[in-house]
Each structure stands twice: as structure tokens, then as C-alpha cells.
Amino acid sequence: QVHLVESGGGSVQSGGSLRLSCTASGYIFTSCIGWFRQATGKEREGVAVIGSGGAISYGDFVKGRFTISQDNDKNTLYLQMNSLNPEDTAMYYCVAARGCARGTTFYYLQPLLYDYWGQGTQVTVSS
């Protein structure tokens, strides 16, 4: 059984930084893994994904502020978030797929692509 567990969320002021981590059991992080988020009253949206062959995709709103990475030795996925603003306030979810094809950013940032979701970690950014 696959379990994804996120950590690292919290409350920060605008302009601050956070690093989210996701550890997995029953699953080895290779590709087709990433982060989504959902703000209150909004739909889930893709933040950052490592796709097939290691291709990285970011949501348009990231604008160079976030970096996704993985540590294969620790089987851990990270999301470094800098220059946070109140619009980044959301629950952040770690996701993984059983597999994915080579595709576009639009393809990788579709929630339906992912089979496994963590419980989420809350990020709150105050102005």
C-alpha cells in the first residue's frame, strides 16, 4: 500500500520561504511525481511535477519562485518555495502516478494523472 506523507508547511509572512518534504512508503520516487495545491473554495492546481524522463513542469503562477527536487537515497520529494505571497496560501499535496507518458506541461499538471495523494500540509502566507 502506498502512503505519501508531507511535512514542512506552516505560516510565514509575505516574501518568506518554506521547504516542503514528502516521504513515501510502498512507492519509490522516480518520475511522475510532484506537488499540487488547493486553496479554500478553489480547484486543485498543479504546482510542480517531475515527469517522464525527468522533465520538470511548473504552474504558470510559480514564475521561478519554486523548485522541485528529489533525493533518491532518502526517497524524498521536496518543494522549495521562495518569495511566497498570500495567493500561495493553500493545502499542498504530494502526488505520484503509477506511470506517465512523455507529455506537455498541461498534461503533467492534470490532477487525474496521479494515483496517489498525500493528506496535505497547510501553507499560510500573511501580508
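Only a predicted model underlies this, so the values are computations on that prediction, with no experimental measurement involved.
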**Request:** Look up atom NZ in Lys42 and atom CE in Met91, then write down how far apart they are to the nearest 0.5 Å.
**Result:** 15.5 Å
**Item:** Smallest separation among heavy atoms of Met81 and Leu84, with atom names
**Value:** CB-CD2, 3.8 Å
**Prompt:** Which pair of non-hydrogen atoms, one from Asp88 and one from Phe66, has the smallest distance, and what is that distance?
**Reply:** OD1-CZ, 3.8 Å
**Message:** Around atom CD of Gln119, are there more than 12 heavy atoms from other residues, nucleotides or ligands closer than 6.0 Å?
**Reply:** no
**Message:** Which residue in the set Leu77, Thr76, Asn72 passes side-chain contact (heavy atoms from CB on, under 4.5 Å) when paired with Lys74?
**Reply:** Thr76
**Common cluster, Tyr92/Val12, ILVMFWY with side-chain heavy-atom separation under 4.5 Å** = yes
**Message:** I'd like to check Phe61 versus Glu87 (side-chain heavy atoms, cut-off strictly below 4.5 Å). Are they in contact?
**Reply:** no
**Request:** Kindly state whether the ring of Trp117 and the ring of Phe36 have centres lying under 6.0 angstrom apart.
**Result:** yes
Would you be so kind as to tabulate the donor-acceptor pairs closer than 3.5 Å made by side chains of residues 43-59, with sequence neighbours excluded?
unit_1, atom_1, unit_2, atom_2, d
Arg44, NE, Gln38, OE1, 3.2
Glu45, OE2, Arg37, NE, 2.7
Glu45, OE2, Arg37, NH2, 3.0
Ser57, OG, Thr105, OG1, 3.4
Tyr58, OH, Ile68, N, 3.1

**Prompt:** Do you know which two heavy atoms are closest between Gly103 and Tyr108, and how far apart they sit?
**Reply:** N-OH, 3.2 Å
**Asked** OG of Ser127 to CD of Gln13: how many Å apart, nearest 0.5 Å?
**Response** 9.0 Å
**Request:** Spell out, yes or no, whether Leu113 and Tyr116 are grouped together once hydrophobic residues are joined by side-chain heavy atoms under 4.5 Å, including indirect joins.
**Result:** no
**Message:** Show, in sequence, the C-alpha distance, side-chain angles and deciding distance for Leu4 and Val2, and conclude whether the side-chain contact (heavy atoms from CB on, under 4.5 Å) test is met.
**Reply:** CA-CA 7 Å; Leu4 305 177; Val2 176; 4.2 Å; yes
**Prompt:** Going only through I, L, V, M, F, W and Y residues with side-chain contacts under 4.5 Å, is there a path from Tyr78 to Val5?
**Reply:** no
Side-chain donor-acceptor contacts of residues 14-33 below 3.5 Å, not counting sequence neighbours, with atom names and distances?
unit_1, atom_1, unit_2, atom_2, d
Ser17, OG, Asn82, OD1, 2.9
Tyr27, OH, Ala97, O, 2.7

